[in-house]
There are 2 protein chains.
Amino acid sequence: MKATIKDVAEKAGVSIATVSRVFNNSSVVVEETKQRILLAAEELRYAPNHVARSLSTRKTESIGMVLPDLHGEFFSEVIRGVDERIQTENYHLVVSCSHNKKNEIQAALQTMRGRVDGLIVMSPHIDAKTLNANLPFSLPVVLLNCSVEDSSRDAITIDNAGGARAIVKHLLQHGHTRIAIIKGPDNNIDSIHRYQGFQRALEEAKIIHDTDLEFTGDFTEEAGRKAVKQWLMLKNRPTAIFASNDTMAIGAISMLQENGILIPDEIAIAGFDDIPISRYIHPKLTTVQISINSMGIQAAEILLHAIHNSENHQTQQKIVPTQIVVRESCGKHL
Amino acid sequence: MKATIKDVAEKAGVSIATVSRVFNNSSVVVEETKQRILLAAEELRYAPNHVARSLSTRKTESIGMVLPDLHGEFFSEVIRGVDERIQTENYHLVVSCSHNKKNEIQAALQTMRGRVDGLIVMSPHIDAKTLNANLPFSLPVVLLNCSVEDSSRDAITIDNAGGARAIVKHLLQHGHTRIAIIKGPDNNIDSIHRYQGFQRALEEAKIIHDTDLEFTGDFTEEAGRKAVKQWLMLKNRPTAIFASNDTMAIGAISMLQENGILIPDEIAIAGFDDIPISRYIHPKLTTVQISINSMGIQAAEILLHAIHNSENHQTQQKIVPTQIVVRESCGKHL
DNA sequence: GAGTAAAATGTAAACGCTTACATAGCTTAA
DNA sequence: TTAAGCTATGTAAGCGTTTACATTTTACTC
């Protein structure tokens, strides 16, 4: 049977209020009394019950994360960033995975209510309306990479279009004109914007895009492999590939190498995300860098601010800049 | 202001007990009353307060995970496995990172008390005694890859020694006799066992191990690179390298390739873990496979059982078998 | 040594729910 | 008709804290 504050109070010969004060440093308790209480607590192996405390204070000291998926380094990096920031304020992290399904995200959001003080929601697949309809009204929320409808909510989005445009431009500067793209899922907001950046760059270079050179993937290595497989059968192969994320780029590379195609000499390739592994594969992957970890930190930062200043918190929409990092996979010359 | 059960009860003209019953299907409520309550709840945007419910039922419907770190795919895979299993029973996942520090793991364990119904602890760096002293007594706990002292606790451990031995044997069968090892941290239980497996295999082959061919790393790519750098300066280089995890193996490969060393022709290499990326790098990495995801699922399974059958739960110690998967990095011949 | 202000501690209500037990309203059977 | 037995709902205690407010103790001052 677990000891309660009452047991400690009795054992130490004080009231429960005093015990509570000791455990909250809320007001001064005479040193001697304090020690007596601490001793009693120790002997009884007492630890405050967080649930009761939460009920009383209306604070849970937890924040929730609703993620679309739990696969791969991207998510673990975000989690790491968020955890890193909130741990400094003794907050806890409750993670939930919506598996990208509408009803599950609804369920996740639902069960988070009353369990957390704030929410970080990442849901690049859900449209803004559905999202808004399900978002709790009374809880601070930070949107990560979601379709945002207006400025009524805090949101952090990556400059997907800008990053894609920059890296495709880089490819163009290398003289490539037949550039293929491995897209992400059609309903994913990241994919959409990356694709737009891609198109934009081509337009600016006055290149007419060949839709044969498009493949829609799902952000997995396998998708990258399939895309390449398809293009290898073309009479007129692309000379460069832009993969909408590093994972697919890596899949593409593996398929190219299996077919004895030299990278970057015969086909250049670039990715997006700069996941840790990108700099260790061969050839090292040219890609677009976003600091996922720091994105998590920032999201946590904003959320904590919203929680602590519920009255005068100004919502903000941040666009996280990206940076291309040139390595070997697209040719170093130039 | 958020609506409470009381508001709903008033609006529907019933007592709070009836409202509670509706939201718990605990006993039959006449259909008409039920609809009236549901309607009132909807209008007030009422959702039960989980904290209050938990206090009353002494159940949180959450389980906690204490992880040593949040870096890399290994952890996200475990999390994914656990989440996958517990979600089916509407449990939530509270994640906490101990950063491998003794006091932090203590703090993490401490704050989990009363917040979760059960705990999955992964802490390969902490010795059994310290761990045991800090583990909550009253809470079901499943140990993941920890030093286990006795059979009083549920535990899942990977057959690290067996896996390492098997893969080193494989290397030996290829004719290698100068096999180097990139170890993990000295106080890490996984590293220790993998190293033991390595030694065992060499002994069985009656090979005297050259301590020049040992490098202690920290499971990062960088460590793999450093190890190789060091060995390249040797007059008598190793012909094969066993890295204690895939990440270090990948780092090693990148360094070898930068120095123009052919893999596996000049130096063969093998890893441990079989992280997803291993099959997509070039050359594809020969490694030891453990299903991290399913380890998470199993841990969750055992924990849930312990929670639901607190009286007659038999603790169990599972050793998850490993399997070597031969790919290109150690030479396909044979 | 009385009076007073400040410091330390105690009392009890509240947080929002669940649930054992009590009660009221109906059926049913003798 | 009435007692008994159900069924649907209500009453109220309890879950373990926090905290405003009340009370007691201590420390000074004159």
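Each chain gets a letter, A, B and so on, in the order its sequence line appears, and its residues count up from 1.
Proximity note for A:N49 (side chain, C-beta onward) versus C:dG16, D:dG16, C:dC17: the nearest is D:dG16. Taking only side-chain atoms of A:T18, from C-beta outward, the nucleotide of D:dT17, C:dT9, C:dG16 with the closest atom is C:dT9.
With respect to B:Y91, the side chain to side chain contact (heavy atoms under 4.5 Å, CB included) criterion is satisfied by exactly one of B:T60, B:V116, B:L303, B:L304: B:L304.
In this structure, A:R53 and B:V30 both approach DNA chain D, and ranking their closest nucleotides by distance from the 5' end singles out B:V30. Judged by closest nucleotide on DNA chain C, A:G13 is the one of B:N24 and A:G13 placed further toward the 5' end.
In this structure, CD1 of A:I37 is placed 13 Å from P of D:dT17, rounded to the nearest angstrom. Summarising the geometry, the separation between CD on A:E10 and P on C:dG10 is reported as 13 Å, rounded to the nearest angstrom. Nucleotide C:dC15 holds its P atom 20 Å from the NE2 atom of B:H50, rounded to whole Å. Atoms CG (B:L55) and C1' (D:dT17) sit 8 Å apart, rounded to a whole Å. Going from atom CZ of A:R21 over to atom C1' of D:dT19 covers 8 Å, rounded to whole Å. Rounded to whole angstrom, the span from the CD atom of B:E32 across to the P atom of D:dT7 amounts to 19 Å. One interatomic measurement links the two molecules: CD1 of A:I5 to C1' of C:dG10, which rounds to 13 Å at whole-angstrom precision. Look at CD1 on B:I16: it is 14 Å from C1' on C:dA14, rounded to the nearest Å.
Between B:S20 and C:dC17, a side-chain N or O to OP1/OP2 separation shorter than 4.0 Å is absent. Between B:R58 and the phosphate of C:dT18, there is no side-chain N or O to OP1/OP2 separation shorter than 4.0 Å. Residue B:T33 has a polar side-chain atom (N or O) positioned under 4.0 Å from OP1 or OP2 of D:dT9. Within the structure, every side-chain polar atom (N or O) of A:S15 is placed at least 4.0 Å from both OP1 and OP2 of C:dT11.
Residue B:V51 is out of contact with every strand shown, counting any heavy-atom pair closer than 4.0 Å. The residue A:T4 sits close only to the backbone: its heavy atoms come under 4.0 Å of sugar-phosphate atoms, none of a base. In this structure, B:F23 reaches neither bases nor backbone, as no heavy-atom distance under 4.0 Å exists between it and the strands shown.
The existence of a salt bridge linking B:E10 and B:K6 is excluded, since no basic side-chain nitrogen approaches an acidic carboxylate oxygen closer than 4.0 Å.
Proximity of a side-chain donor or acceptor of A:E301 to a complementary backbone N or O of A:I86 within less than 3.5 Å is not detected.
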*List the steps and the verdict of side chain to side chain donor-acceptor pair (under 3.5 Å) for A:D154 and A:H313.*
CA-CA 10 Å; A:D154 289 298; A:H313 173 75; 2.8 Å; yes
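With hydrogens and angles left out, the side chain of B:S56 and the base of C:dG16 share no donor-acceptor pair within 3.5 Å.
The aromatic rings of A:Y46 and A:F23 sit perpendicular, their planes meeting at an angle over 60°, well past the 30° parallel limit.
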